[in-house]
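Worksheet: one structure, shown below.
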Amino acid sequence: MKHLDENNITAEASARLSETPDPRLKEIMTALTRHLHDFAREVRLEPGEWMEGIQFLTRVGQISDDKRQEFILLSDTLGLSALVDMIAHASSNDGATASSLLGPFYRTGVPELQNGANIAAGGPEGERVVMRGRVIGRAGKPISGALIDVWQAASNGLYDLQDPNQPEINMRGRFRSANDGSFTFRTTKPISYSVPTDGPVGKLLRAEGRHSYRPAHIHFMISAEGYETLTTALYNAGDRYIESDAVFGAKDELVAAYIKGGADGADAIEFTFALASCE
């Protein structure tokens, strides 16, 4: 029987993956095993500490359900979600708009609305704003018929999935770009908000001495035939948490300032979204 110690167990664990049929799975699990073992050796991980880690991950899974995904929140607050997104878009082409995080509050089944519709019709009340966007592709050519999926927290800092007082599918909508690539909708101004802190991830943030806030933003997922789907967000200029977003999602190129005083008295946000070609 082979004598295992803390120095050779990694090679033995990796060797047992040698027959993994899927080459990508083999690559991922071999690297993960190596880095996990190196981590344990580096910090001299104690059994009680590792058991506490196991219990933490168990609680993360237990609190997750169809309306709350604590594992996504954990990935986000560790910066891992942002890193994976950066890797995926390291070679973005066509001068495409920068991506941002999907986040844990995206949902399917949102109805398509007419341009100009108000996605905040279900309350709570907040300061009104008009979003005027445009979708372009190759060489700045407008994209007609692009599908724009939008969602945001309400003026109380909560998404509909978090707030039983909001109606279903509140602060959400899907729109189609017109022939000139334009789309528009009305909403209320987003505010900075805290990620959920009543679970294990919130407890970890407090233990680390970190704040839990995200800068005010509106999410977008934009798709069109022949183009890569863009998942991004617009962040409010001047927000106090732009530089310290708890989930590392804010980017300079996605910051937009309000245009004051429109015809109906509401401020506006204007932004052009450029999609990368699939070619």
Side-chain angles (χ1 to χ4, degrees), residues 1-94 96-110 147 149 161 195-196 199-201 204 219 221-233 247-249 275-279:
M1 181 175 179
K2 186 179 295 184
H3 175 73
L4 296 178
D5 58 35
E6 71 170 70
N7 296 310
N8 66 16
I9 191 173
T10 304
E12 180 65 20
S14 298
R16 297 187 186 186
L17 298 167
S18 62
E19 301 301 320
T20 304
D22 186 323
R24 179 58 174 165
L25 177 62
K26 177 181 177 181
E27 178 185 13
I28 290 172
M29 291 307 301
T30 300
L32 178 62
T33 299
R34 183 176 69 254
H35 287 293
L36 282 174
H37 286 212
D38 286 344
F39 157 74
R41 282 187 287 263
E42 178 183 340
V43 302
R44 307 308 299 169
L45 191 64
E46 297 179 0
E49 293 171 331
W50 181 227
M51 181 54 65
E52 186 173 342
I54 290 172
Q55 291 171 346
F56 169 80
L57 293 175
T58 300
R59 292 191 295 271
V60 169
Q62 289 170 337
I63 201 172
S64 298
D65 57 26
D66 60 336
K67 293 187 176 181
R68 175 170 183 164
Q69 231 304 343
E70 194 82 353
F71 267 110
I72 291 179
L73 182 60
L74 177 61
S75 175
D76 289 353
T77 56
L78 290 173
L80 183 57
S81 298
L83 174 59
V84 171
D85 183 66
M86 292 171 187
I87 293 170
H89 298 93
S91 58
S92 292
N93 56 22
D94 292 354
T97 296
S99 60
S100 192
L101 301 179
L102 178 68
F105 298 112
Y106 174 74
R107 64 188 300 179
T108 59
V110 175
L147 180 63
D149 200 337
L161 291 171
V195 300
V201 173
L204 178 62
H219 292 277
M221 182 185 292
I222 305 176
S223 57
E225 186 176 354
Y227 293 89
E228 296 179 8
T229 297
L230 171 66
T231 300
T232 192
V247 303
F248 308 93
L275 303 190
S277 172
C278 287
E279 298 176 356

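These numbers come from a predicted model, not from an experiment.
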Just to verify, what does [X] make a side chain to side chain contact (heavy atoms under 4.5 Å, CB included) with, not counting sequence neighbours?
X   : answer
E49 : L45, E46
I63 : R68, E70, P200
A82 : M86, L101, F248
N7  : D5

| field | Which residues share a side chain to side chain donor-acceptor pair (under 3.5 Å) with S81, sequence neighbours left out | value |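 By the side chain to side chain donor-acceptor pair (under 3.5 Å) rule, S81 matches S75, D76.
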| message | Run the side chain to side chain donor-acceptor pair (under 3.5 Å) test against T232 and tell me which residues pass, sequence neighbours left out. | response |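 So T232 forms no side chain to side chain donor-acceptor pair (under 3.5 Å) with any residue.
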Pairs satisfying salt bridge (charged side-chain N to carboxylate O under 4.0 Å, His left out), at least one member in [range], at least two apart:
range          : result
residues 9-38  : K2-E12, E12-R16, R24-E27, D38-R41
residues 78-90 : D85-K251
residues 57-66 : none

| field | Residue from T77, L78, V195 passing side chain to side chain contact (heavy atoms under 4.5 Å, CB included) with V201 | value |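 Single pass found, and it is T77.
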Working to the nearest 0.5 angstrom, can you tell me the gap between [X] [atom1] and [Y] [atom2]?
X    : Y    : atom1 : atom2 : value
I72  : F105 : CD1   : CZ    : 9.5 Å
L102 : T231 : CG    : OG1   : 6.0 Å
I222 : L147 : CD1   : CG    : 9.5 Å
L230 : D149 : CG    : CG    : 12.0 Å

| query | Do M29 and T20 have side-chain heavy atoms sitting under 4.5 Å apart? | reply |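 Heavy-atom side-chain distance check fails, nothing below 4.5 Å.
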| message | Once ring pair (Phe, Tyr, Trp, His ring centres under 6.0 Å) is applied, do any residues pair with Y106, and if so which ones, sequence neighbours excluded? | response |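 Per chain and number, Y106 pairs via ring pair (Phe, Tyr, Trp, His ring centres under 6.0 Å) with W151.
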